[in-house]
Amino acid sequence: MRILQLHCDSIEYTPTKKEIKSAEEIEPKKTRIEEVVVCFTAIEEDDDSSVAKNAIIDIQKSMKQIGCNKLLLYPYAHLSSNLASPGTGLKILKEMQESSTGIEITHAPFGWTKAFSIQVKGHPLAESSKVFSKDSTKEKTSTALESESKIKSYWYIMTPDGKMEEIEKFNFSNHKQLEILAKYESAKKRSVDEPPPHVNLMKKLAIADYEPASDSGNMRFYPNGRLIKSQIEQYVTDKIRDYGGIEVETPIMYDSHHPSMESYFNRFPARQYSIDSEGKHLFLRFAACFGQFLMASDFQLSYKNLPYKLYELTRYSFRREQSGELVGLRRLRAFTMPDCHAFCKDMSQAIDEFRKRFDLSREVLSGLGIEENDYEMGIRFTESFYNENKELIKQMVSKVGKPVLVEMWKEKFFYFVLKWEFNFIDNLGKASALSTDQIDVENGKRYGITFTDEKNERQHPIILHNSPSGAVERVIYALLEKFAKQVKDGKRPQFPLWLAPTQVRLIPLKDDFLEFASNLADKLTEQNIRVDIDDRNDTIGKRIRDAEKEWINYVLVIGEKEINSPSLSVRDRTTGDVRQLSTENFVKEIQDATKGKPVSKLNSAILLSQRPQIMV
RNA sequence: GCCUCGAUAGCUCAGCCUGGUAGAGCGAACGCCUCGUAAGCGUUAGGUCGCGAGAUCGAAUCUCGCUCGAGGCUCCA
């Protein structure tokens with residue numbers, strides 16, 4: 001709230017014209033007041049009753065000082081560029097008027113254009129300006145964020161045979177990773193004094209980097225990173241569409257005063273980015289839920305259409321995580337999230353679908369190169385859901401084939417009754433969720449999503465929220481952390497061939513062989529193989545070393561021998577050996593290794609001499 | 001948000017403790033070399049030492065403030 005306070009001999013104002021629809025209903029007549037303090041007042045966004053009270057107390061104090069007993073509150077928008085909505089403005093103005101004591105107080109009409117003339121006294125205390133804001137600098141937190149810390153959870157380990165053991169009594173000696181997850185989630189543990197290894201790798205492999213000109217947690221992706229990310233995005237999208245997901249695209253920002261948003265806000269514990277635009281208070285989505293639910297609520301759904309699966313790959317979702325929580329590609333403020341919702345007619349259908357998505361998620365992770373022993377499962381449910389669906393839960397745990405972490409809530413705190421996630425455990429013992437799915441029993445109603453059932457009655461669907469891979473950036477993080485671990489164990493890490501930015505590098509020994517190499521490159525490119533040519537004027541050893549540093553799987557030196565022979569000399573990075581292969585067999589080997597995965601063209605100049613160095 | 005640490009060439013870093021003309025390697029440009037499976041050689045260019053103040057004859061170096069970044073904590077439904 002901003003106030004310009006003037007001690008006046010007199011003020012005279014005349015309302016001339018309504019400025020806004022919600023202007024006060026008054027008789028526009030000339031008003032004159034003598035010996036008065038006039039407060040030109042702008043009520044700003046975030047002002048509330050406490051601000052009104054503080055302001056009036058402060059004004060009364062100064063009025064006492066100058067010995068004046070008459071106050072005119074004069075709504076004056078021009079003091080601020082961050083005004084509250086007219087409704088709030090008027091409400092707070094009235095609150096100020098009502099909470100005053102022992103003075104004569106009036107206000108000039110709100111929402112009117114007014115003409116005024118004023119005579120200000122000339123003493124030192126006659127003019128002052130004041131700014132009031134909420135006393136606490138405390139951030140607005142959603143009720144979900146606040147209640148999160150109050151949740152009462154019971155922690156168990158469930159073994160593949162379906163037995164639940166209290167976490168304190170479980171013998172973790174053969175389940176070190178699960179122990180880390182359990183300790184990580186249920187208690188707090190451990191201080192690490194080094195940056196996670198993937199941060200260095202993401203720079204050295206020219207995948208991604210921090211962007212100092214943006215907000216923290218908003219990364220830049222270099223050509224290599226863009227290609228890898230794009231391949232993962234395409235793969236996950238293909239898998240979800242095979243499963244039956246229907247891809248859509250929805251806006252990334254929403255009006256926080258939209259009725260469906262306001263209540264969801266309070267059920268989803270995330271901090272948001274806000275954008276003010278033309279009086280609207282917008283926020284950047286922190287999930288794809290909004291868009292898909294709003295869309296689905298406009299669809300005319302029959303039980304015959306269900307389960308109906310909507311899918312969106314959000315580039316991006318935004319969560320304003322606390323600055324200290326951000327780490328490399330593990331935790332970001334802007335991230336790409338495949339999000340697939342299934343609208344189901346009843347719990348039985350939801351559970352059937354839930355099973356399918358569980359299998360889908362395991363398959364997707366495996367296709368990405370993240371295997372079962374790379375992650376640990378966590379499963380969370382309400383006590384009542386567990387009692388009614390023990391078989392489902394036991395079957396899922398048995399499928400994983402190893403003990404899983406269980407969190408059980410006495411009552412429903414969130415909008416879901418069951419949730420599971422696969423957690424990747426990194427080199428520093430940090431757990432982060434990849435795939436996840438939830439059974440949501442609230443949002444169908446909240447968003448007014450309905451379908452017509454067999455009896456021609458309107459019902460709200462149960463909604464599943466699945467991300468079969470988790471955030472794409474986080475998948476890259478998991479892969480890089482896995483690679484770092486392999487390096488530590490003395491192994492040579494390797495991107496799955498379908499993710500490698502360059503799959504084949506040709507090294508012509510001399511310029512004379514460049515043409516041959518180009519022709520070969522064209523041939524391989526036609527077969528959807530990503531091939532480039534190191535035509536730089538460096539020794540053969542140097543160029544092979546550079547290819548090694550880029551983790552390129554196949555290196556082919558092109559010299560006299562190759563030109564005069566039908567076979568290629570293929571240096572295979574996994575072994576370091578050179579093999580003689582015909583072009584056909586070489587192509588086949590690559591196509592077999594990348595079968596069923598998306599293809600993408602090289603995302604850099606084919607000649608290395610034409611590429612800038614990305615020094616990171 | 002709290003604590004700790006950091007900021008010097010395009011990149012990685014040395015120099016700072018103990019104040020006195022700004023250093024290396026990599027990379028880049030140019031030239032030599034035309035090479036057979038993890039680093040060939042030479043020359044050159046490239047810096048407002050994050051910003052601001054203080055003390056000093058003199059500051060990359062000491063002191064204070066600020067900005068930005070990173071890690072940890074908290075957090076991660």
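Letters A, B, ... mirror the listed sequences (proteins, then strands); counts begin at 1.
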What pairs meet the ring pair (Phe, Tyr, Trp, His ring centres under 6.0 Å) rule with one or both residues in residues 531-563 of chain A, with sequence neighbours excluded?
A:Phe483-A:Trp551, A:Tyr554-A:Phe586
A:Gln613 has a side chain; which of B:G69, B:G36, B:G27 sits nearest to it?
B:G27
B:C62 pairs with which nucleotide, Watson-Crick or G-U wobble, both distances below 3.5 Å?
B:G54
Can you give one letter per nucleotide of nucleotides 39-44 of chain B, 5' to 3': B if a protein heavy atom sits under 4.0 Å from the base, S if only from the sugar-phosphate, - if neither?
BB----
Sequence neighbours excluded, the answer for ring-ring contact (aromatic ring centres under 6.0 Å, His included) partners of A:Phe381 is A:Tyr386
Pick the C1' atom in B:G27 and in B:C3, then give their distance to the nearest Å.
37 Å
Nearest nucleotide by nearest heavy atom, which residue falls closer to the 5' end of RNA chain B, A:Glu548 or A:Arg543?
A:Arg543
Looking only at side chains, do A:Glu473 and A:Thr336 share a donor and an acceptor under 3.5 Å apart?
yes
Whole-Å P distance, B:C49 and B:G10
12 Å
Which of the following nucleotides, B:G71, B:U37, B:G27, is nearest to the side chain of A:Val199?
B:G71
Which of B:U37, B:G71, B:G36 is nearest the side chain of A:Val578? It is B:U37
Could you measure between the two C1' atoms, the one in B:G19 and the one in B:A55, and give it in whole Å?
12 Å
Quickly work out the A:Leu326 CG to B:C73 C1' distance and round it to whole Å.
14 Å
To the nearest angstrom, how far is A:Glu325 atom CD from B:U74 atom P?
11 Å
Could you tell me how far B:C41 sits from B:G36 if I compare only their P atoms? Round to whole Å.
16 Å
Take atom P in B:G20 and the same atom in B:U74, then report the distance between them in whole Å.
44 Å
Which value, in whole Å, describes the distance between the P atoms of nucleotides B:A14 and B:G31?
35 Å
Per nearest nucleotide of RNA chain B, the residue lying toward the 5' end, A:Glu321 or A:Gly217, is A:Gly217
